[in-house]
Every structure is written in structure tokens, then in C-alpha cells.
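Proteins come first, then strands; the chains are lettered A, B, ... in the order of their sequence lines, and each starts at number 1.
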Amino acid sequence: MEKFIPIPSRPAPVVEVGLIGWMRKNLFSSIPNTLVTLFTVYMMWIVLVPFLNWAFISADWIGDSRQDCDSGGACWVFVTVRWNLFMYGFYPEDSYWRPNLAFILLLGILVWLSVPRLPFKKWVAIAALTVYPVAAYTLLYGGFGLDVIPTHRWGGLMLTLVLALIGIVVAIPIGILLALGRRSEMPVIRMVCVIFIEFWRGVPLITILFMASVMLPLFFAGGTDADKLMRALIGIVMFQSAYMAEVVRGGLQALSKGQFEGADALGLSYWQKMNLVVLPQALKIMIPGIVNTLISLFKDTSLIVIIGLLDVLGMVRQALADPAWLGYPAEGYLFAAFMFWIFCFSMSRYSIYLEDRLNTGHRK
Amino acid sequence: MTNQQDFIITLKNVNKWYGEFHVLKDINLNVKMGERIVICGPSGSGKSTMIRCINHLEEHQEGDIVVDGVLLNNDLKNIGQIRKEVGMVFQHFNLFPHLTVLQNCTLAPIWVRKMPQKEAEAIAMKYLERVKIPDQANKYPGQLSGGQQQRVAIARSLCMNPRVMLFDEPTSALDPEMIKEVLDVMVELAQEGMTMLCVTHEMGFAKKVADRVIFMDAGQIIEENEPESFFNNPQSDRTKLFLSQVLGH
Ligand SMILES: Nc1ncnc2c1ncn2[C@@H]1O[C@H](COP(=O)(O)OP(=O)(O)O)[C@@H](O)[C@H]1O
Ligand SMILES: [Mg+2]
């Protein structure tokens with residue numbers, strides 16, 4: 001009998017190498033492709049070049065009044081003179097270190113949690129959810145010897161971050177509980193969760209904020225004393241939890257029934273099954289959905305302007321109305337857009353990074 | 001007369017419906033300690049449903065199921081008690097893809113049996129050796145072949161030191177060349193005296209290890225016998241037809 005000898009494997013052919021090869025393959029592979037490439041380059045030329053010229057090359061960066069803006073380009077002085085206002089609202093200047101410190105601590109935690117080599121991840125995460133909120137609250141609001149700075153003085157980017165962060169962190173666990181409740185075998189729990197979710201999901205956030213500021217005080221005696229920011233936060237958290245619940249439900253549904261049965265058959269209790277088997281997998285699937293709702297919440301925080309709180313966009317708009325600085329809406333809105341974009345884009349990248357890290361690469 | 005106590009599993013007049021559909025009809029079954037039972041029958045006859053009732057993955061509506069002296073009802077404590085003692089191996093393995101092989105095996109011992117991690121790992125390695133894949137302990141299930149995954153699933157069940165093992169078509173989802181490695185593990189397990197209820201169409205396995213073969217159709221147990229008589233001398237024409245189809249090719 002003849003012995004079977006497999007043909008040895010050869011490396012894949014290398015057709016295109018280098019920049020020229022890449023361009024030929026991707027930009028000029030055919031006549032239509034070449035035309036599209038040329039057209040795109042032309043469009044970029046006529047749009048981007050004047051924009052870059054306006055925004056950077058002939059822009060004014062330094063100064064302290066509009067008289068310093070005489071070059072005809074963008075007047076970034078408009079932003080630089082109000083930088084503190086845009087960042088901190090009416091927070092007292094000598095206390096800027098407090099929000100700064102809170103923010104640096106937050107960044108430290110996030111970096112710690114995402115660098116694989118650093119140890120004690122579990123403890124850092126626990127501290128992030130227990131110690132950090134207390135510390136951040138004390139820093140921002142006051143207490144333990146720090147002056148109290150009432151929340152109506154908070155504003156700008158700092159307020160945006162506070163709203164988004166609290167909205168996110170509180171809404172995730174509530175959302176998970178609501179989603180589990182919605183799938184519960186107990187009809188009463190299921191019904192309560194469905195009603196809650198459908199109510200908050202069916203109402204626009206702007207209405208909720210309005211209700212929180214106007215109606216809440218009517219219903220609850222003493223509600224008028226409740227902090228405006230606190231009321232807005234409660235509304236945001238309710239709204240966000242409902243959305244989160246639906247994202248979580250989607251993740252739960254994506255898991256095969258076999259995972260639930262495997263855990264059941266081993267004798268795990270309901271909460272063990274959820275915590276050890278179901279949620280770790282479901283959360284991984286849900287990351288894009290969660291980040292999606294987070295990004296939209298982040299942007300929606302601007303709506304609190306209707307109850308008289310000024311986030312970064314609110315601050316910019318207020319500045320635009322300043323008679324001494326009329327005529328710079330492009331700079332103002334561009335700056336606000338850029339601030340939002342930086343954070344939303346970072347969240348998006350962070351989520352992709354997380355997905356990669358959590359992916360054991362071997363889904364069934 | 002055998003005493004109730006001698007049976008590790010008793011099903012008495014068990015009936016179950018899915019909505020209007022009567023899926024299990026008056027099922028009576030007694031399983032002795034150490035007995036190996038193979039359950040076969042056409043698809044949709046209720047084999048899975050029956051064994052899944054034993055660890056309450058499905059709920060029966062009428063009749064009594066007693067496992068290891070514990071009556072199965074809606075009491076969560078009883079259900080938990082029974083599931084601790086009853087291992088189950090599924091057609092599609094149902095391993096946890098986010099955990100390594102070793103973590104899959106130690107999860108239940110640590111959380112359900114409250115075993116220290118070191119001890120659980122030692123036991124897990126022992127069983128992974130028994131199913132001949134100790135070298136895969138730190139891989140994820142998705143990195144293993146189907147046959148290896150099913151062997152991990154068997155090891156995972158064994159780590160709970162169950163008194164009974166239920167198998168629901170453990171080789172049906174496997175490529176032909178992997179069926180044998182899983183069956184070999186099961187044969188070994190049978191020879192060590194494990195009480196087994198096994199839904200399978202592997203008639204060779206049935207002939208080799210079964211003390212009893214049960215044939216089900218339309219939600220009923222039609223026939224049960226020792227493998228010898230079951231295969232050579234089936235009593236009902238339904239059984240004959242089924243056997244001719246299964247053994248025919
Ligand atoms: N969750 C369910 N809801 C409704 N019908 C079901 C369900 N599960 C199984 N059945 C039906 O019950 C019958 C028995 O199913 P099963 O026990 O899985 O059969 P087998 O394992 O013998 O192939 C089949 O007709 C099947 O369609
Ligand atoms: Mg089946």
C-alpha cells in the first residue's frame with residue numbers, strides 16, 4: 001500500500017507589499033474606485049483646508065477680551081477666558097482642587113482596573129464602589145472639615161460628569177435587578193418590573209426632569225427642600241435603569257438555555273447561578289449595549305438646563321448670550337461638541353478594549 | 001418484595017403535560033443503587049423529559065418522584081438536596097465558556113458543597129485524569145474538541161460526587177470519531193458501579209453495560225428488559241420496529 005504523505009504547507013502568497021501596493025489595492029483598484037478616491041480627496045481639500053485654517057492656523061488663542069480676536073480665524077479666547085466656568089460652573093475658585101482630585105482618583109481607578117498587570121483588582125473595584133463615592137461626595141459637596149459647596153453652584157463639565165457617572169453606576173445594578181425581575185417566575189415581581197420599565201421608558205427624559213423639579217415637591221411634603229440636583233439625579237437614574245434593564249434582558253436572552261440548566265443541574269442556587277454563570281457571560285455580551293446607553297445618557301445630561309442647572313453645554317450657551325461676547329456661536333458649540341466627543345469616544349474605545357480583554361475568544 | 005429504601009430513584013405514576021400536550025403518561029420506574037439503565041425510543045417520545053424530571057429541570061404535575069429518600073416537590077430545599085446528589089450530562093455539554101476547564105469543575109464543589117478551593121482543585125484534577133484530559137485543565141471549553149468537552153462535562157458532574165448520573169444523549173452531538181472516547185469513559189464509570197440512567201441510541205453501549213433497557217414511545221414506557229432479551233426477543237411490535245430501524249444500519 002502506498003504511504004500517504006501530506007503536501008507540506010506553503011506560506012500564503014504576498015501580492016501587495018508596501019505603501020504603493022496598499023494604495024494600488026485599496027484606493028486605485030479600478031476606474032470607479034479611482035474616481036471615488038479622487039473625489040474624496042477633492043472634497044476633503046475644499047472642506048478641511050479652510051476649516052483647519054480657520055480653527056488652527058489663523059485662530060486666536062491668547063488674550064482676555066474680544067479685542068484680541070482680530071485675525072479673522074476662530075476666536076478661542078472666547079473659550080479660554082471662560083475655561084473655569086465651562087469646567088466648574090460657579091464652583092468657588094479656591095476649591096477647584098476638590099473636583100480635580102476627585103477626577104484624578106477616578107482616572108486612577110479606571111486605569112488600575114484596566115491594566116492587566118496591576119494586582120488587587122478585586123479590592124480596587126470594591127473600593128471604587130464603596131469608598132470612592134463617599135470620598136467624591138465629601139470632596140465635591142463638603143463635610144469632614146471641608147466647606148459645604150451647595151449643588152446649585154456646581155456646573156460645567158464637572159456637573160456633566162457627576163450626572164453621567166452617578167446615573168451610570170446606580171442604574172446598572174438596578175437595571176440588572178429589573179431585568180432579572182422581568183424574567184422571574186413570580187407573576188407579581190414580573191408585573192412590577194414590567195410596569196416600572198415600560199413607564200420610565202415611555203416618557204422622555206426632559207419630561208422626567210421637569211416632573212422631578214416641579215411635581216416631586218407637590219407630592220412629597222418637604223420635597224421642596226430636596227436638593228434640585230438630587231431630584232434630577234433620581235429622575236435620571238430611574239430613566240436610565242429602565243433602559244439598562246432592557247439591555248440586560250437582551251444579554252440574558254442571548255445566553256443559551258443550556259447555561260441555565262447546566263448551573264441548575266449542578267445544584268447552584270438562583271443567585272449563585274446568576275452571579276457565577278449567567279451575568280458574567282451576559283454582561284460581556286451586553287457591553288456594546290450598555291456603552292451605547294451610557295453615551296446617550298452622557299449627552300442627555302444637557303437637558304438638565306430646563307431645571308436651571310448648567311452643564312458644560314448650558315454654560316457655553318449662557319456665555320454665548322453675554323453681550324460682551326456676542327457673535328461666537330461656532331467656537332462655543334464646537335468646543336461643547338468637542339468636550340462631549342472626547343468623553344463619548346473614550347467610552348467607546350474603553351468598551352472595545354474591555355470586550356477584547358473579556359473575550360476568551362472561544363464562545364461556544 | 002423490595003423495600004422502598006433499596007431504590008435510589010422511584011417514579012410513581014408520574015404524569016406531565018406541556019400545556020395540553022400529555023408528554024409523560026403514568027411513568028413508573030424504580031432504580032436500584034448501582035443499577036445501569038439505558039433508555040431508548042424514538043425522538044419526541046419523552047425520554048429527555050423523563051430524566052429531566054428527576055432533577056427537576058422539568059416539573060411534573062402528577063405522581064411522586066423520590067430521589068435518595070427525598071421527595072421531589074416545589075420545596076427549593078428538596079430540589080437543591082436532590083441536585084447535589086444527581087449529576088447530569090447533556091447532549092450539548094453545557095460547559096461554562098467563560099471559565100476554564102478546572103474552574104468549570106470546581107465551581108459547584110466550592111459554592112454548593114462549600115469545599116475549600118485547594119481541595120476542590122485536587123478533586124477536579126483527579127477526575128480530569130480519570131477522563132484523560134488533565135493536561136487541558138487551564139484551557140477554556142471553546143478550545144477543546146467536542147469529545148473533550150463532553151469528557152470535561154462528565155468530570156464536572158463527578159466532582160460533586162453524585163450518587164446517580166443522568167446522561168441525555170451524551171454522544172449525539174459528537175463527530176463519529178469522538179463518540180468512542182466518551183463511551184469509553186462512560187463504560188469505565190459503569191464498571192466502577194456508578195448508578196446511571198442513560199438516554200442513548202448507542203446500542204453497543206447498552207449491550208455492554210446496561211442492567212436494564214427501557215423503551216419509551218409516546219410518553220409511555222412500552223417495554224423494559226435485560227439487554228439480552230430486549231434485543232433478541234422484543235415483546236412489543238413497536239419495539240421491534242424501533243430496533244430494526246436503529247440496528248438496521
Ligand atoms: N418546553 C416544551 N414545551 C412544549 N413541548 C415540549 C417542550 N419540551 C419538549 N416538548 C415536547 O415533548 C415531547 C417530548 O420531548 P423530549 O422529552 O425532548 O423527547 P425525546 O428526548 O424523547 O426526544 C416532544 O414532542 C417535544 O416536542
Ligand atoms: Mg431528547
Among residues 36-55 of chain B, those lying within the under-4.5 Å heavy-atom range of chain A are R52(B), N55(B)

Subject >> Non-hydrogen side-chain atoms of L276(A) and L99(B) separated by less than 4.5 Å >> reply: no

query = Can you check whether S256(A) reaches H92(B) side chain to side chain, under 4.5 Å on heavy atoms?
reply = no

Greater than 12 external heavy atoms within 6.0 Å of [X]'s [atom1]:
X: W200(A); atom1: CH2; value: yes
X: K299(A); atom1: NZ; value: no
X: F120(A); atom1: CZ; value: no
X: Q117(B); atom1: CD; value: no
X: Q61(B); atom1: CD; value: yes
X: K122(A); atom1: NZ; value: no

**Prompt:** How far apart are the C-alpha atoms of R156(B) and L266(A), what are their side-chain angles, what is the distance that settles it, and do they pass the side chain to side chain contact (heavy atoms under 4.5 Å, CB included) test?
**Reply:** CA-CA 9 Å; R156(B) 179 176 76 173; L266(A) 286 170; 3.8 Å; yes

On a heavy-atom basis, the closest approach of R83(B) and G267(A) is CB-CA, 3.8 Å

Closest non-hydrogen contact found for P97(B) with Q281(A) is CG-OE1, 3.1 Å

Honestly, the part of V89(B) sitting under 4.5 Å from a heavy atom of chain A is neither

Turns out that what part of F96(B) lies under 4.5 Å from chain A's heavy atoms comes down to both

For the backbone of L57(B) and the side chain of E261(A), can you confirm whether one donor and one acceptor N or O come within less than 3.5 Å of each other?
no

The reported gap from NE2 in H56(B) to CG in D264(A) (rounded to nearest 0.5 angstrom) is 10.5 Å

Here the gap from K257(A) atom NZ to F90(B) atom CZ, rounded to the nearest 0.5 Å, amounts to 10.0 Å

Could you check V112(B) against Q272(A) for side chain to side chain contact (heavy atoms under 4.5 Å, CB included), going step by step and ending with a plain yes or no?
CA-CA 9 Å; V112(B) 180; Q272(A) 287 171 340; 4.1 Å; yes

